[in-house]
Amino acid sequence: MAMNHPQGSLRVRVLLFARYAEVVGTAEHEVTVPAPATVADVVTALRSDVPAARILPERPLCARNASQALPEDAVEPGDEIALLPPLSGG
Amino acid sequence: MAMNHPQGSLRVRVLLFARYAEVVGTAEHEVTVPAPATVADVVTALRSDVPAARILPERPLCARNASQALPEDAVEPGDEIALLPPLSGG
Amino acid sequence: MPFLTSDPLDLEAMVASVADPARGALASFVGTVRDHHEGRVVTALSYSAYGPMAERVCHEILEEAEAQWPVRVALRHRLGDVAIGEAAVVVVAAGAHRDEAFAACRFVIEATKRRVPIWKRERYVDGTEAWVDPTAPGGLVPAKHPAASRARS
Amino acid sequence: MPFLTSDPLDLEAMVASVADPARGALASFVGTVRDHHEGRVVTALSYSAYGPMAERVCHEILEEAEAQWPVRVALRHRLGDVAIGEAAVVVVAAGAHRDEAFAACRFVIEATKRRVPIWKRERYVDGTEAWVDPTAPGGLVPAKHPAASRARS
C-alpha cells in the first residue's frame, strides 16, 4: 500500500465533521506524514497543510478507523483518522 | 340522618373488595355501632354480624369515604367504610 | 379523563398528552402482564379497584409529582381482564430535563403500586386462580374458583 | 436495523421490538426537539454523524447495558432535519423488573449523549444558526450561514 509514497512516510485520510468540516471548508483531506506516526502527528500535518485548519484545537477528540483514539496512538498506512467536535447528540 | 336509628348509635355502609369480598361473600354490608364509634369499631361490628368476616384480619387497611383511615379515626353517620386487602396494582 | 379504564392503554396518545415544545425529555414506564408469576404459568389476569378512591389517589400522586418536579405526568391503569403482554399501567413524565422526567416517572409508578386501591387476580394454566398479595407467603393467596364465587353471591 | 435514521422514530414499534411476555417492565426515554435553547427561539434543527462509528458505538452501548442488566434495549437516533416537537432519540429498555429497566434506560441515554459521534445544529428565529457544543461558553458556537457554507464547498 505504501509503494506509491516516499520511503519512510505514510498516507492517511483525515475526516472532518460538523463544525470542524465547516470551518476548514472540507469534510475530507489526505495527509502524508513521516513514519512512524501518531494520531497527533496527523493532526499537526493537517494544520500545516490547510491554513483554515489552524482554528481547530491542537488536540481534538479523534477516532482511528471509527474507534476513539488517543493522540499518542500509532497510525498505519491507509488509516482513516476522524476529528470530532464535542459531541451533541441526544 | 340518624333519626331512624336507635339513640346513641350510628349506621355506616361497609364496602369489601377483591379477596375480602370473595371470602365474606358480599361486597357491601350495613352495620350499626354505638356512637361515638371508630373505624376499628365498624370492623369489629362487621366481624360479629357476619360469621364469614371472621377470617378477615382484625386490623385491615381501611378507608373512610374513599380516603385512607386509621383504626382510631371517628366515623359519622352515613360514612362509607372500605376494607382493603393488600394492594396489588401496577 | 379517568385514570382507570377498561380500554387498552395508548402510550403514544399519553406521550402526546404531556409533550410540549418546552419539555424535551419524556420518561415512560409501561408495565405489561407477564406470562409467569412465582413459577406458575399465567393465562389470564384481571384487575378490580375501589374506583372513587383509586381515582382520587391517582390524582393526588400526580399533584405530588408535579409539585416536586417541573413536569407534567400522565398515568393510566387498566381495569377488568387484561391479556398476557398487554399494558396494565402506563406512566409518562415530561420535563425540560432528563433528571426530573426520570425521577417523576419513577415516583409515580412506585406510588401507584403502593397507594392506589387496585387488586390483581391471576388465572393459571391449571385452571386455578389466586389473588396477588405482596404481604402473603409467596405473594399469592388462592382464590375461590370463579364459578363457586358466582354461586355464592 | 441501523441505529441512526432519517425517518420519524416510532416509540410503539420500538416497545414492541423488545417487549416479551417474560419482561413486564418497560422503561422508555424520548428526547424531543425543544423550541428554546439558551434563551433563543429554535425554529429548526439538524443532526449529522460519523455514521460508521456512531453505529458501532450504539451497538457497544447496548451490549454493555445488556451485559450489566437482564434487559433488552432498543435505541434509535434521528439524522438530518428534525422538526420542533419531534423525537430526536428514543431508548426503550425491557426487563422483568422496574429497577433494571429504569437503570438500563438511563445508562443508555446518558452513554448515547456522551459517546456517540452525533452533532446538532440549530437554526433560530432570527435566521442565525449555531452548533451545539457542551464545552463552549453558553453551550453554542455560531455556525456559518448555510448558504455561505454551501458556496465554499
Side-chain angles (χ1 to χ4, degrees), chain A residues 12-31 38-40 42-43 45-47 49-90, chain D residues 3-4 29-33 37 45-60 75 77-79 87-91 108-122 129-136 139-146 148-153:
Chain A
V12 302
R13 200 154 75 107
V14 178
L15 301 182
L16 298 159
F17 290 95
R19 190 172 72 82
Y20 291 174
E22 184 180 83
V23 298
V24 175
T26 182
E28 196 172 331
H29 185 79
E30 287 218 334
V31 298
T38 64
V39 168
V42 172
V43 174
L46 176 79
R47 290 163 56 93
D49 275 18
V50 184
R54 276 169 217 149
I55 204 177
L56 301 183
E58 281 181 39
R59 303 186 112 212
L61 182 64
C62 286
R64 175 176 165 253
N65 301 331
S67 290
Q68 200 179 324
L70 298 172
E72 59 270 30
D73 286 351
V75 297
E76 305 281 338
D79 274 359
E80 188 174 275
I81 304 299
L83 274 61
L84 312 175
L87 309 183
S88 55
Chain D
F3 295 105
L4 275 59
F29 180 79
V30 178
T32 66
V33 176
H37 188 215
L45 188 140
S46 74
Y47 287 99
S48 57
Y50 180 13
M53 180 175 173
E55 292 288 341
R56 214 180 40 65
V57 174
C58 287
H59 183 75
E60 277 172 15
L75 163 64
H77 196 295
R78 286 287 294 275
L79 275 187
V89 60
V90 175
V91 177
V108 169
I109 184 62
E110 299 302 327
T112 297
K113 293 181 79 84
R114 205 170 51 243
R115 293 163 47 187
V116 182
I118 298 177
W119 299 278
K120 189 180 338 196
R121 183 184 171 118
E122 293 178 341
E129 302 198 3
W131 295 99
V132 176
D133 179 345
T135 69
L140 296 173
V141 179
K144 296 175 196 262
H145 190 276
S149 162
R150 263 197 298 278
R152 301 195 50 173
S153 56

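Lettering of chains follows the sequences in order, A, B, ..., and the numbering in each one begins at 1. Below, each value reflects all heavy atoms present in this structure, side chains not excepted, and no hydrogens, waters or symmetry copies.
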Inset, instruction - Go through the atoms of A/Leu15 and report whether side chain, backbone, both or neither lie under 4.5 Å from a heavy atom of chain D. - result: side chain
Is it the case that the side chain of [X] and the backbone of [Y] share a donor-acceptor pair, with hydrogens and angles ignored and the cut-off at 3.5 Å?
X	Y	result
A/Ser88	D/Val132	yes
D/Arg121	A/Ala18	no
D/His77	A/Gly90	yes
D/Tyr50	A/Leu16	no
D/Lys120	A/Leu87	no
A/Glu22	D/Lys144	yes

May I ask you to check whether over 12 heavy atoms, not counting those of [X], lie within 6.0 Å of atom [atom1]?
X	atom1	result
A/Glu72	CD	yes
A/Arg59	CZ	no
A/Leu70	CG	yes

Inset, instruction - Decide yes or no on side chain to side chain contact (heavy atoms under 4.5 Å, CB included) for D/Val57 and A/Gln68, but give the supporting numbers first. - result: CA-CA 10 Å; D/Val57 174; A/Gln68 200 179 324; over 6 Å; no
Identify which part of [X] has an atom lying under 4.5 Å from any heavy atom of chain A, answering side chain, backbone, both or neither.
X	value
D/Arg78	neither
D/Ala54	neither
D/Thr112	neither

Legend entry - D/Met53 and A/Ser67, any side-chain heavy atoms less than 4.5 Å apart: no
Legend entry - Flag side-chain contact, heavy atom, 4.5 Å: D/Trp119 against A/Pro85: yes
Inset, instruction - Heavy-atom pairs under 4.5 Å with chain A are the metric here; pick the option from D/Ala136, D/Gly31, D/Pro117, D/Gly139 that has the most. - result: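 Among the listed options, the one with the most contacts to chain A is D/Pro117.
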Legend entry - Residue pair A/Pro86 / D/Thr135: nearest heavy atoms and the distance that separates them: CG-OG1, 3.4 Å
